[in-house]
Chemist: 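Below you will find the structure I want to go over with you.
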2 protein chains.
Amino acid sequence: MPELKLRILFDDAMLGPGKAELLTRIAETGSISAAGRAMGMSYKRAWSLVEELNASFAAPLVSSSRGGAGGGGADLTDAGQTVLALYRRVVEKARVAATAEIAALEAMRKPTG
Amino acid sequence: MPELKLRILFDDAMLGPGKAELLTRIAETGSISAAGRAMGMSYKRAWSLVEELNASFAAPLVSSSRGGAGGGGADLTDAGQTVLALYRRVVEKARVAATAEIAALEAMRKPTG
DNA sequence: GCGGGTTATGTCCCTTGGGAAATATCGCTT
DNA sequence: AAGCGATATTTCCCAAGGGACATAACCCGC
């Protein structure tokens with residue numbers, strides 16, 4: 001079954017599968033670096049994506065702290081949880097709505113890829 | 001209003017906005033090079049995308065001919081027209097299904113981007 | 001047969017996005 | 001006070017993708 005990747009283009013920023021998964025991993029791990037590692041991306045890239053996200057929305061989606069117990073950490077703000085939930089709902093609704101067409105496209109593909 | 005970009009990932013190929021627009025332009029202009037020019041891309045890139053498309057599906061989506069009146073040309077096969085129509089329907093259905101969530105996300109964005 | 005315009009294909013080069021690594025900073029913990 | 005672990009930030013470097021360019025093949029009209 002083909003996968004559906006979905007990207008929302010705002011005026012000057014965008015939200016897609018990469019940032020959504022990063023938010024998910026941050027929520028899971030409580031750390032930007034751990035989230036990046038889990039996705040096989042460098043800390044620099046993970047951090048720059050977080051920076052973009054925080055700059056794009058009225059309220060930051062990720063809050064992070066240096067020092068302290070464990071050296072620091074990061075987690076999703078309420079806004080971050082809301083955005084992630086909304087994005088997931090967009091993907092799911094799109095997937096359901098387009099099931100028939102996607103199946104039709106899959107049926108037209110070359111059998112042995 | 002944010003734009004929704006949608007990409008379908010098959011096992012080894014993918015179909016997204018770029019290839020869809022290219023197919024549209026080929027249908028309009030009857031030429032791969034003219035379609036590429038209209039999109040601001042080099043002929044080489046346009047041609048390579050067409051090659052990928054033709055290789056991905058059981059039947060070629062674009063038929064092309066060299067020489068002849070006007071030097072040659074290209075147009076969509078029946079399969080090409082079908083694939084393009086299906087893709088457009090996917091995008092439209094997804095857009096409609098996710099309208100509410102997209103509006104909610106837009107409302108959370110930073111005002112002055 | 002020659003020229004024109006397009007498809008088809010290869011080569012070279014340059015930009016750029018991202019990785020790797022080094023460094024600074026911070027605040028608990030001990 | 002020293003150490004630790006994570007965030008924050010910079011610099012350097014490189015491989016891959018795409019553009020520009022060149023060339024060949026092709027076929028109709030003149």
Side-chain angles (χ1 to χ4, degrees), chain A residues 5 7 9 12-57 59-77 79-80, chain B residues 5 7 9 12-57 59-77 79-80:
Chain A
K5 297 270 184 180
R7 185 154 293 157
L9 270 70
D12 58 347
M14 61 177 79
L15 177 60
K19 285 176 185 162
E21 181 178 354
L22 185 62
L23 288 178
T24 303
R25 304 282 191 178
I26 289 174
E28 289 173 0
T29 63
S31 155
I32 294 178
S33 65
R37 275 197 301 276
M39 295 179 63
M41 72 171 61
S42 66
Y43 172 79
K44 178 187 168 186
R45 172 147 182 72
W47 178 81
S48 71
L49 291 179
V50 168
E51 198 180 33
E52 285 179 27
L53 282 170
N54 282 345
S56 300
F57 287 86
L61 307 190
V62 175
S63 79
S64 60
S65 62
R66 288 196 284 196
D75 61 351
L76 299 194
T77 62
Chain B
K5 297 270 183 181
R7 185 155 294 158
L9 269 71
D12 59 346
M14 61 177 77
L15 176 60
K19 285 176 185 163
E21 181 177 353
L22 185 61
L23 288 178
T24 303
R25 304 283 190 176
I26 289 174
E28 289 173 1
T29 62
S31 154
I32 294 177
S33 66
R37 275 196 301 273
M39 294 178 63
M41 73 171 60
S42 65
Y43 171 79
K44 179 185 168 186
R45 172 146 182 72
W47 177 81
S48 73
L49 291 179
V50 168
E51 197 180 34
E52 284 179 26
L53 283 170
N54 282 345
S56 299
F57 287 86
L61 306 191
V62 175
S63 78
S64 59
S65 62
R66 288 196 285 197
D75 61 352
L76 299 192
T77 62

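Each chain gets a letter, A, B and so on, in the order its sequence line appears, and its residues count up from 1.
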Chemist: Is there a donor in the side chain of Ser31(A) and an acceptor in the side chain of Thr29(A), or the other way round, less than 3.5 Å apart?
Modeler: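 No, no side-chain donor-acceptor pair sits under 3.5 Å.
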Chemist: Ser42(A) side chain: which of dA8(D), dA20(C), dG10(C) is closest?
Modeler: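 For the Ser42(A) side chain, the nearest candidate turns out to be dA20(C).
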Chemist: Nearest whole angstrom, please: distance from the P of dT7(C) to the CZ of Arg66(B).
Modeler: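 To the nearest whole Å, that distance equals 11 Å.
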Chemist: Which residues in residues 13-38 of chain B have a heavy atom closer than 4.0 Å to any atom of DNA chain C?
Modeler: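 Hits under 4.0 Å, by residue number: Ser31(B), Ile32(B), Ser33(B).
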Chemist: Ser65(A) near the nucleic acid: base, sugar-phosphate alone, or nothing, with a heavy-atom cut-off under 4.0 Å?
Modeler: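 Answer is sugar-phosphate: Ser65(A) comes under 4.0 Å of backbone atoms only.
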Chemist: dT6(C) P sits how many Å from Asp75(B) CG, rounded?
Modeler: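 From Asp75(B) CG to dT6(C) P: 15 Å.
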Chemist: Kindly give the heavy-atom pair with the smallest separation between Lys5(B) and Pro17(B), and that separation in Å.
Modeler: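 Smallest interatomic distance, heavy atoms only, reads CD-CG, 3.6 Å.
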Chemist: Within the structure shown, what part of the strands sits under 4.0 Å from Gly68(B) by heavy-atom distance: base, sugar-phosphate, or nothing?
Modeler: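 Here Gly68(B) touches the bases of the nucleic acid.
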Chemist: Might you point out which heavy atoms bring Ile32(B) and Tyr43(B) nearest each other, and give the distance in Å?
Modeler: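 Of all heavy-atom pairs spanning Ile32(B) and Tyr43(B), the closest is CG2-CE1, 3.6 Å.
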Chemist: Closer to the 5' end of DNA chain D via nearest nucleotide, is it Ala69(B) or Met41(B)?
Modeler: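 The residue mapped nearer the 5' terminus is Met41(B).
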Chemist: Check the phosphate of dG18(D) against Arg45(B), side-chain N and O only, distance under 4.0 Å to OP1 or OP2. Yes or no?
Modeler: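 True: Arg45(B) side-chain N/O within range (under 4.0 Å) of dG18(D) OP1/OP2.
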Chemist: Excluding sequence neighbours, so at least two apart, what forms side chain to side chain donor-acceptor pair (under 3.5 Å) with Thr24(B)?
Modeler: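 Side chain to side chain donor-acceptor pair (under 3.5 Å) check on Thr24(B) returns Arg88(B).
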Chemist: Looking at Ser64(A), does any N or O in its side chain come under 4.0 Å of the phosphate oxygens OP1/OP2 on dA8(D)?
Modeler: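 Checking dA8(D) against Ser64(A), a side-chain N or O does come within under 4.0 Å of OP1 or OP2.
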Chemist: Please test Leu76(B) against Val62(B) for side-chain contact (heavy atoms from CB on, under 4.5 Å), starting from the C-alpha separation and ending with a verdict.
Modeler: CA-CA 5 Å; Leu76(B) 299 192; Val62(B) 175; 3.9 Å; yes
Chemist: From C-beta outward on Lys44(B), which listed nucleotide comes closest to its side chain: dT9(C), dC28(C), dG19(D)?
Modeler: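 For Lys44(B), the side-chain atoms sit closest to dG19(D).
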Chemist: Can you spot which of Thr77(B), Asp75(B), Asn54(B) makes a side-chain hydrogen bond (donor to acceptor under 3.5 Å, both in side chains) with Ser63(B)?
Modeler: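 Looking at Thr77(B), Asp75(B), Asn54(B), the match for Ser63(B) under the side-chain hydrogen bond (donor to acceptor under 3.5 Å, both in side chains) is Asp75(B).
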Chemist: I need the OH-C1' distance between Tyr43(A) and dG5(D), as an integer number of Å.
Modeler: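 From Tyr43(A) OH to dG5(D) C1': 12 Å.
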Chemist: How close do Met14(A) and Lys19(A) get, heavy atom to heavy atom, and via which atoms?
Modeler: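 Nearest pair, atom of Met14(A) first, then Lys19(A): O-NZ, 2.9 Å.
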Chemist: Just the rounded figure in Å: distance from P of dG17(D) to CD of Glu51(B).
Modeler: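 After rounding, the gap between these two atoms is 15 Å.
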Chemist: Trp47(A) has an atom CH2; how far is it from atom C1' of dT25(C), in whole Å?
Modeler: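 One finds 13 Å between C1' of dT25(C) and CH2 of Trp47(A), rounded.
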Chemist: Please state how far atom CE in Met39(A) lies from atom C1' in dG18(C), giving the value in whole angstrom units.
Modeler: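 Computing the Met39(A):CE to dG18(C):C1' distance gives 14 Å.
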